[in-house]
Structure formats: C-alpha cells, structure tokens
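See structure below.
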Protein chains: 2
Amino acid sequence: MRPQKVLDEEILIGLTKVFRSKGYEGASLQELAEATGLKKASLYHRFPNGKKEMAAAVLVHLGKWVEENVFQVLSDRNHPPKVRLRTGLFGIKTLYNNGKEVCIFRALSMQAGLALFEEQINKGMKQWIDAFNKIGLELGLSPSEAEKNALQTLVEIQGSLIVTKGLDDLDIFENMLKNIENRYLEA
Amino acid sequence: MRPQKVLDEEILIGLTKVFRSKGYEGASLQELAEATGLKKASLYHRFPNGKKEMAAAVLVHLGKWVEENVFQVLSDRNHPPKVRLRTGLFGIKTLYNNGKEVCIFRALSMQAGLALFEEQINKGMKQWIDAFNKIGLELGLSPSEAEKNALQTLVEIQGSLIVTKGLDDLDIFENMLKNIENRYLEA
DNA sequence: GTCTATAGCTAGATAGAC
DNA sequence: GTCTATCTAGCTATAGAC
C-alpha cells in the first residue's frame, strides 16, 4: 500500500471549502482537486462515485462536527443547561466562522435531482430542532414553548446567515446568537 | 420588424422559474430556452450578454414586482398602517408562493465572481429593511425598536423560507408571516 | 495511491439562412 | 426575430503507466 499523500481529513477540509463557497454545480473538479492538493484522477480514486460522493462526504463530515460540538454539548448532563447552551451556541458561531461561512445545507440545496441531499438536509434540520427543543425543556420551558423556541432558533440562525452575507455585516449574526441565548435564559 | 414570438413578460417568467429552482450555475441555456419557448439563439438575440444578462433581468423584474406589491403597498398613505402591513405581507406570501418558491437572492447568491449580483442583493435587502422600518415607525414603534423589528422581519422571512423548504412544511412560512404581523400590531 | 493523458460530453455562445 | 447548425471551452469521468 502506497502511503496517502494527503490525509482524509485534509481532503475533506478542502472539499468543504469549495462546496461551501461555490455550491454544488459551481464547484468544478478542477477546483476541488486544487483545494485538496490531489490531482483529479486521485480524487476519483478516493471517491469512486465522483462529485456526488465528495459532496455527500462533506455533509457527513460536517454532520459529525456538529454532532460533537453542538448536539453533544447541548445534551451533556455533566454541565448545567445554561453553560451548555452558551457552549453550544459558541460551537455554532465557530461552525459558521462568525457568519462569514455559508450553511452547507444552503450550498448544496440549490441543485435539483439529487434526492440524497434533500433527505440529509431534512434529517439534519430535524436534529437541530430536536437538540434545541431538549435544552429548552431543561431550561424550564413548557413543551409548546420549547418547540416554538427551537424552530425559531433554527429560523433565526439560517435567516441571519443569509442577511449577514447579503448586507456584509457580521454583527447581524453575532447579535442574533446573543438574542437566542437571552430568549432562552429569560424564559 | 418581425413580431416577437414570445412576449418579454413571458420570457421573464420562464427565466425566473428556472433560475429560482436551479440557481445560476445549475440553470442551463437548454433549460432556459425550453422554459421560455424560444431557441437558444433567439434568447441570445434578446439578451446579447447571455446568461448573466438573463439573470440580471430576472432580478430587475422581480425587483419591480416587489416594489409595486410590497414597498408601495407598505408606504401608501391612502390606507391605515395596519391595513398596509397586512396587504404587504400578503404580497410577500404571494411572491414566495406560500413558501414553495425560493428567494431569488438565495438562488443567485451562490455563484462566485459576479459582483453585479452581490450589489443588487445588497441594495435589495436594504430596501426591504427600509420599508419595514418605516411601517414600524408609523405603527408607533420607537426608532430603535422599528430598526430592530425591520431587521428581525427580514431574517425571519429568509430563515423561514429555508426551513420551510428543508422540512417540507409550508405551515412554517405561513405561521412566521402571522408572527411578524402580530409583533408589529402588539407593539 | 498518485499521476499524465485523454475520452466523451455538454455547457455557453455564434454564424448565417430565412 | 427566429431558426438550424456549429464552434470552442470546460466539464465530469476514465485508462493505464508508475
């Protein structure tokens, strides 16, 4: 076995960067190869099913990151709910690089005909709502309020990312995260 | 002069449909031609600068629709502010076809390197905020509250469109419009 | 496992007849 | 103004040497 020239982790980071900034259709194999430091044919060796598989791998990779740095943090009973909420929101801030980076769901949801992504996106969003629903309950919200707050939180994160980019103003994302935290703590 | 086989309005409707559902990179000249009922070469006769010009025309066309059916409605002094708010929000509901259609800003903001779109998107978002800021003031909000509410409204519209599509649940968009209205009226 | 080279295709865009 | 036919460039993907 010949040693890998580029580690899997580094490849995924490169792929993520390109898909996030260019979207699925906009990301060319050329760019993906350059961003990973591999030649096109080598990328196909790692991902035999081509571009689709690369994008799917990016979704899984980011999903794992969120699982560790957001969902697990929010549900970690070793810490009080308030601390978990704060830490989880910090994970979200990191995920989107303070609002500079786009949500991968958005980047990959624009191309048609790839039902695989739609399902992963649907599942992913449900996980987000579920995670925030639970922390809301632990913070003393009623079931109906917790549910409402969780949906609202997802909407505000997604919406503020769009508006942050459109108006080129990182404060919008930053402030929205603070508002989300305060709404949970005041309740 | 030979008569136009397809009217400008119809062409724009076809182009809009494709760009909105496929995004900029994902929309092929093939599809754009089919959607408009013209052949590719004929499309180039109408839009000599090609795909870029077609997308720009779509932005202008939708911008005019919003100007008429949202901004002018919100600022029409012939009606009381509450009625205007309700009617403007109904225009927004129509614009996005109850949440089934994507925001054109989102559809066109994913491709890189076309500064033209970025500028139009930035300008468009500022207009939205400005319009909601004014109606907020007329409804008796303080300047700082009106500003906050206007930004929040844009975030919630954009975010709810994303989540509505991701979770395939039109109620999310519908309810968010109601929440927006109530927040203004209760203030 | 990585590479060079290239196949096969479709994209965006044009030429020129009518 | 619309069409058929076509160009060229870029795309995704593969073959096969090392």
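A note on names: the letters A, B, ... follow the listed sequences, proteins ahead of strands, and every chain is numbered from 1.
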Is the phosphate of C:dT14, meaning OP1 or OP2, less than 4.0 Å from a side-chain N or O of B:Tyr44?
no
Indicate whether OP1 or OP2 belonging to D:dG1 is found under 4.0 Å from a side-chain N or O atom of B:Ser42.
no
Whole angstrom is fine here: how far is it from CD1 in B:Ile11 over to C1' in D:dG1?
10 Å
Find the distance A:Lys51:NZ to D:dT14:P and express it as a whole number of Å.
14 Å
Whole-Å distance, A:Lys40 NZ to D:dT14 C1', equals 11 Å
For the pair made of OH in A:Tyr24 and C1' in D:dC11, what is the distance, rounded to whole Å?
12 Å
Proximity to the side chain of A:Lys39 - top-ranked nucleotide from D:dT2, D:dC3, C:dT4:
C:dT4
Is A:Arg46 near enough to C:dT2 that one of its side-chain N or O atoms lies under 4.0 angstrom from OP1 or OP2?
yes
Closest non-hydrogen atoms of B:Gly37 and B:Val6, given as atom of the first, atom of the second and distance, are O-CG2, 4.3 Å
Common cluster, A:Tyr96/A:Phe90, ILVMFWY with side-chain heavy-atom separation under 4.5 Å:
no
Closer to the 5' end of DNA chain D via nearest nucleotide, is it A:Ser28 or B:Leu38?
B:Leu38
Is it true that the side chains of B:Lys126 and B:Asn122 contain a donor and an acceptor less than 3.5 Å apart?
yes
Is there a donor-acceptor contact under 3.5 Å linking the side chains of B:Glu67 and B:Gln127?
no
Taking the side chain of A:Ala41 as heavy atoms from C-beta outward, which of D:dT12, D:dT2, D:dA15 is closest to it?
D:dA15
Using whole Å, what does the distance between atom C1' of nucleotide D:dC11 and atom CD of A:Glu25 come to?
11 Å
Figure out the CG/C1' separation between A:Asp8 and C:dG1, and round it to whole Å.
12 Å
From CG of B:Leu7 over to P of D:dG1, roughly how many Å is that when rounded to an integer?
13 Å
Please determine if a side-chain N or O atom of B:Lys5 lies less than 4.0 Å away from the OP1 or OP2 oxygen of D:dC3.
yes
Does A:Ala33 reach a base, just sugar-phosphate, or nothing at all? Heavy atoms under 4.0 Å.
nothing
Measure from the side-chain heavy atoms of B:Leu29 and tell me the nearest of D:dT2, D:dA15, C:dG12.
C:dG12
D:dG1, OP1 or OP2 - any side-chain N/O from B:His45 closer than 4.0 Å?
yes
Rounding to a whole Å, what distance do you find between A:Lys22:NZ and D:dC11:C1'?
14 Å
Would you please indicate if the ring centroids of B:Phe117 and B:Tyr24 are separated by under 6.0 Å?
yes
